[in-house]
Amino acid sequence: MTTRVIIVDDQAMVRAGFAALLAAQSDIDVVGEAPDGAQGVELSRRTHPDVVLMDVRMPEMDGLTAARHLLAPPSGVTHRPRVLMLTTFDVDDYVYEALRAGASGFLLKDAPPADLIAAVRVVASGDALLAPSVTRRLIADFARQRPAARGKPALRLKSLTERETEVLTLVARGRSNAEIAETLVLAEQTVKTHVSRVFTKLDLRDRAQAVVFAYESGLVVPGE
């Protein structure tokens, strides 16, 4: 199946380079480009991409605002693409907020071409792009700074079974399903079922939101 992608970035050279790289892949179809968030949202509504590559900082409408429009669309709009944030910096306030809003992860603009291609495929498959060396540090840093935000998330944890709580803890620590299965001595398919139930009970879209939730609820403490 072909993955439909749009690229939203205010730098024409960046858009052209990413478009050429992705269009050369047999399983990826670049269906449009936009120079700012507002035009990116309009383009997404029109072309219905599977994945939106979204720059963080842009004129007119920044990537965070645009991501919120796409991931929490108004009544009557049913299409919700996966959003992969593009950033120049590895720790960025906007990226964290985008993850909270439902973005599926982020990628540094200077990442190797192979990483960009792999990132689009990972996000399109429904998983989150969580680079432990960057994303977990980012989330831990902000969770440490925002202890007051933990009240309601902590209450939502009560809906989980003991096993589901264990699974969420390991997801938040960056473990894959296979690694969780090995740690808990479970079949990988069983782990997938637990992860799916956690997402449903907590109204989470993917692993990126699960990691944010685990830190904000206090289930996982930064530095542990």
Side-chain angles (χ1 to χ4, degrees), residues 2-25 27-74 77-131 133-135 137-139 141-142 205-206 208-209 212:
T2 301
T3 298
R4 294 166 57 82
V5 176
I6 66 171
I7 301 164
V8 185
D9 193 295
D10 62 332
Q11 295 180 291
M13 289 292 287
V14 171
R15 296 197 308 271
F18 283 2
L21 178 65
L22 294 173
Q25 311 306 309
D27 59 335
I28 298 175
D29 185 12
V30 178
V31 297
E33 304 173 26
D36 62 62
Q39 292 185 53
V41 171
E42 191 278 329
L43 178 64
S44 178
R45 299 270 198 264
R46 184 158 36 87
T47 60
H48 291 186
D50 301 300
V51 177
V52 176
L53 291 180
M54 181 78 74
D55 188 20
V56 171
R57 291 185 169 89
M58 291 180 290
E60 302 300 327
M61 180 187 288
D62 64 34
L64 172 59
T65 303
R68 285 174 172 155
H69 280 295
L70 293 177
L71 296 167
V77 177
T78 58
H79 177 254
R80 287 205 311 169
R82 301 279 174 177
V83 176
L84 177 60
M85 305 302 296
L86 300 169
T87 180
T88 307
F89 308 102
D90 64 352
V91 176
D92 190 308
D93 295 17
Y94 284 95
V95 174
Y96 174 79
E97 294 298 341
L99 290 174
R100 291 190 66 196
S104 294
F106 74 95
L107 187 72
L108 296 179
K109 282 189 176 182
D110 61 357
D115 286 3
L116 172 65
I117 297 166
V120 169
R121 290 172 177 156
V122 166
V123 170
S125 73
D127 209 342
L129 190 71
L130 295 175
S133 64
V134 178
T135 308
R137 185 177 80 243
L138 171 86
I139 294 171
D141 285 347
F142 278 89
R205 193 174 184 197
D206 56 27
Q209 285 195 312
V212 173

Seminar exercise, completed: Scanning both residues in full, the closest heavy-atom pair of D55 with M85 reads O-CE, 4.2 Å
Problem set entry | Nearest-0.5 Å distance, CG of residue D115 to CG of residue L107 | 6.5 Å
For this session: Could you grab the distance from atom CG of D50 to atom OG of S125, nearest 0.5 Å is fine?
Result: 11.0 Å
Exercise. Side chains of V52 and S44: closer than 4.5 Å at any heavy-atom pair?
Worked result: yes
Problem set entry | Side-chain heavy-atom pair V56, L86 within 4.5 angstrom cut-off | no
Problem set entry | Passing candidate, side chain to side chain contact (heavy atoms under 4.5 Å, CB included) with I28, options V51, T2, V120 | V120
Problem set entry | Side-chain heavy atoms of H69 within contact of M61, under 4.5 Å | yes
Problem set entry | Non-neighbouring partners of R46 that pass side-chain hydrogen bond (donor to acceptor under 3.5 Å, both in side chains), sequence neighbours left out | E42
Expected list for residues 3-11: side-chain donor-acceptor pairs under 3.5 angstrom, two or more places apart:
{"unit_1": "R4", "atom_1": "NH2", "unit_2": "T47", "atom_2": "O", "d": "2.5"}
{"unit_1": "D9", "atom_1": "OD1", "unit_2": "Q11", "atom_2": "N", "d": "2.8"}
{"unit_1": "D9", "atom_1": "OD2", "unit_2": "K109", "atom_2": "NZ", "d": "2.8"}
{"unit_1": "Q11", "atom_1": "OE1", "unit_2": "K109", "atom_2": "NZ", "d": "3.4"}

Exercise. What pair of heavy atoms forms the shortest contact from R82 to V123, and how long is it?
Worked result: CB-CG1, 3.2 Å
Problem set entry | Distance-minimising heavy-atom pair for V30 and A19 | CG2-O, 3.8 Å
Exercise. Are any of the side-chain heavy atoms of P35 and M58 separated by less than 4.5 Å?
Worked result: no
For this session: Walk me through it: do L53 and L116 pass the test side chain to side chain contact (heavy atoms under 4.5 Å, CB included)?
Result: CA-CA 10 Å; L53 291 180; L116 172 65; 4.0 Å; yes
Exercise. Would you say the side-chain atoms of H79 pair up with the backbone N or O of P49, donor to acceptor, closer than 3.5 Å?
Worked result: yes
Seminar exercise, completed: Between R80 and L70, the two heavy atoms sitting closest are CG-O, 3.7 Å
Exercise. Of the non-hydrogen atoms in A34 and Q39, which two are nearest, and what is the gap between them?
Worked result: CB-C, 3.8 Å
For this session: Using the test side-chain hydrogen bond (donor to acceptor under 3.5 Å, both in side chains), find all partners of D27 that sit at least two apart in sequence or belong to another chain.
Result: R121
Seminar exercise, completed: CE of M54 to CG of D62, rounded to nearest 0.5 Å, is 9.5 Å
Seminar exercise, completed: In short, G102 meets Q209 closest at the heavy-atom pair CA-NE2, 3.3 Å
